[in-house]
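Report on the structure given below.
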Amino acid sequence: MQEGRSGVLFGLGAYLLWGVFPLYFRQLEPAGGLEIVAHRVLWSVVFVALLLTVVRRWRQVPPAVTDRRTLLVLATAAVLVTINWLVYVVAVNSGHVVEASLGYFINPLVSVLLGVVFFAERLRPLQWTAVGIATVAVLVLTLDYGRPPWIALALAGSFGLYGLMKKLVRVDPAPGLFVETAVVLVPAVVFLAVLHGRGEGTAGSEGAGHLLLLMSAGIATAIPLLLFAAASRRVPLSTMGLLQYVTPLIQLAVGVFVFSEPMPPARLAGFVIVWVALAVFSLDSLRNARAGARRRAADTVPEPV
C-alpha cells in the first residue's frame, strides 16, 4: 500500500513537471528552438554523468554501448526524442501550447496503433472505437486550423516511436538517457560553437541568469524521467495511463489561461471529441486490467484437497 502511494506521488511529480514545461521554456527566450535543444542535450549529458557517478552506475553504460543492436536502438531513440524536444520548444515559443497539449492527449492512441503495426497486437473493440473517435477529432481540428494539426501529430508520433524504441531494449533510465544524449552531443556542441562563433548565441550575451536557466535544462530533463521510472516500478500501467493525462491538461490550461491562446468553439469541440475518445480508451484499459487481476487471483486460489 505504502509503495503504491509513493508510486502515485512519483508519477504525479513527473507529470506535473512536464505539464509546467511551457512556463519554463518561455523563460529561455530569446534563445531559439535549436539553441535551447542543443543546451538541453549538453547539460543533460553533464547532469546524468554526475548522477551516474554519485549512484555508482557507470558499469551499466558499457553494455549498452558495446552491444550493436542496443546502441542502434538507443541512437534511433535519441534522434526521435531530439525531434520531439525541438518541435515542442518551437511550439511553446511560437504560441502553440494548446496544439502541443493535443499531441500528448492523443499520444496513448498513437502508441496503441504502433503496437498494432510493429508488434501485431490486436485491438479490442472499444480500443478501435477510441481510435475512430480520435480520427474524427483530428478531422474537426483540421477544419478549425485550416490545416492538419501538424505540431500535435509530430509530437505524438515522435514520442510514440520513442516509446517503441525503449520497449526494444532493457536499459535503466539513467544509463539509457546518458547514451541517448551522448549520441547527439557532438552535433549539439558543434551547433553551439558555430552559433557563438557568429555572435548569435544567447548564453553569453543575456546575462548570468539566462545562462543558468539554459544549464538547468539538464536537470529539467532528467528529474521527471527519473520520477517516471520510479513510479512505473511501483504502480500498474493502468494507473500510469490515467496519470499521464495530467500533463496535457496542465499544458492546455497554461496555453489558454496564462498565454491567452485562442480556443474558438470548433477547436473546443475537437478537444471534447478527443476527451471522449480517451474516456472510452481509459474505460477499456481499466476493465481489461480488472479482468486480468481477477484471472490472476483465480489462478492462485489453491484447489480443495
Within one Ile-Leu-Val-Met-Phe-Trp-Tyr cluster: Leu226 and Val246, side-chain cutoff 4.5 Å: no
Sequence-distant partners of Leu109, side chain to side chain contact (heavy atoms under 4.5 Å, CB included), two or more places apart: Ala130, Ala134, Ala277, Leu278, Phe281
Check: Gln60 side chain, Pro175 main-chain N or O, donor-acceptor pair, under 3.5 Å: no
Any donor-acceptor pair under 3.5 Å from Ser205 side chain to Gly201 backbone: yes
Arg170 atom CZ, neighbour heavy-atom count above 12 within 6.0 Å: no
Main-chain N/O of Arg56 paired to Arg59 side chain as donor or acceptor, under 3.5 Å: yes
Parallel, tilted or perpendicular: rings of Tyr162 and Phe159 (30°, 60°): tilted
Check against side-chain contact (heavy atoms from CB on, under 4.5 Å), Arg40 and Leu214: CA-CA 7 Å; Arg40 192 173 183 180; Leu214 288 173; over 6 Å; no
Close aromatic pair by centroid cut-off 6.0 Å: Trp58 and Phe178: yes
Same apolar cluster: Ile273 and Val110, side chain cutoff 4.5 Å: no
Pair listing, salt bridge (charged side-chain N to carboxylate O under 4.0 Å, His left out) test, anchored in residues 73-84, at least two apart: none
Inter- and intrachain pairs under salt bridge (charged side-chain N to carboxylate O under 4.0 Å, His left out), touching residues 240-261, at least two apart: none
Results of side chain to side chain contact (heavy atoms under 4.5 Å, CB included) for Ile223 - residues two or more places apart only: Leu17, Phe47, Ile219, Leu227
Summary of side chain to side chain donor-acceptor pair (under 3.5 Å) pairs that have at least one residue in residues 14-34, sequence neighbours excluded: Tyr24-Ser216
Val92 reachable from Leu102 in the ILVMFWY side-chain graph, under 4.5 Å edges: no
Val41 reachable from Leu52 in the ILVMFWY side-chain graph, under 4.5 Å edges: yes
Check: Asn84 side chain, Leu155 main-chain N or O, donor-acceptor pair, under 3.5 Å: yes
Under 3.5 Å donor-acceptor, Asp67 side chain and Thr70 backbone: yes
Option among Thr247, Leu252, Val254 that satisfies the side-chain contact (heavy atoms from CB on, under 4.5 Å) test with Ile250: Val254
Pairing residues for Thr202 by the side-chain hydrogen bond (donor to acceptor under 3.5 Å, both in side chains) criterion, not counting sequence neighbours: Glu35, His210
